[in-house]
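Notes for the one structure printed next.
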Amino acid sequence: MHKLITQQGSCGQHLITTSIICKDELIFDFSTAQKLDHSTYQTIQINAHQHIIEDSLFLYLNHSCNPNVFVDTVSLSIYALFDIAPQQELTFFYPATEWQMAEPFMCHCGAENCLGLIAGAAALSIHQLNRYKINPHILKMAIENSSQQS
Ligand SMILES: [Zn+2]
């Protein structure tokens with residue numbers, strides 16, 4: 001298991017790795033986490049009706065529009081999308097798991113393609129979602145949503 005630490009940044013806590021993490025490497029297994037039927041600011045959505053409570057270090061896994069880890073809601077694990085160097089912050093793309101977020105916020109990740117207001121996948125177009133790796137439940141809801149609108 002990798003050594004992960006939290007660090008106080010200008011806008012809250014960050015989750016930092018102290019060792020190199022290679023692309024596709026398993027970082028965390030959350031298969032035993034408690035499940036809820038509603039979302040809160042500290043849950044991760046795993047399907048249309050269920051959310052898991054994240055009360056470990058991964059509570060500090062922040063959003064980025066240019067993420068370096070993926071929260072996989074099928075295998076219930078977190079793995080690296082790219083090689084991640086020591087002292088880098090781990091980030092994931094919240095709309096990859098969240099359809100509608102309990103607490104939307106303005107993103108200041110600094111990525112060239114920053115989406116601004118992050119409110120969950122429901123607020124994004126299929127075109128925007130297509131640029132990211134997203135989970136099957138989000139893809140399914142996005143397709144259902146767009147067919148209802150047209
Ligand atoms: Zn952003």
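Indexing begins at 1, ligand by ligand and atom by atom, following the structure's order.
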Indicate, with yes or no, if the rings of Tyr60 and His14 have centres closer together than 6.0 Å.
-> no
Is the Zn ion (ligand 1) less than 2.8 Å from an N/O/S atom of His63, whether that atom is in the backbone or a side chain?
-> no
SG (Cys109) - the Zn ion (ligand 1) - SG (Cys114) angle, nearest 10° | 110°
Same apolar cluster (I L V M F W Y, side chains within < 4.5 Å links), Ile126/Leu139 | yes
Side-chain donor-acceptor pair present, Asn66, Ser64, cut-off under 3.5 Å = no
Taking the Zn ion (ligand 1) as the apex, Cys107 SG and Cys65 SG span an angle, rounded to 10°, of 110°
ILVMFWY network linking Val71 to Phe105, side-chain heavy atoms under 4.5 angstrom | yes
Hey, is there an N, O or S on His108 sitting under 2.8 Å from the Zn ion (ligand 1)?
-> no
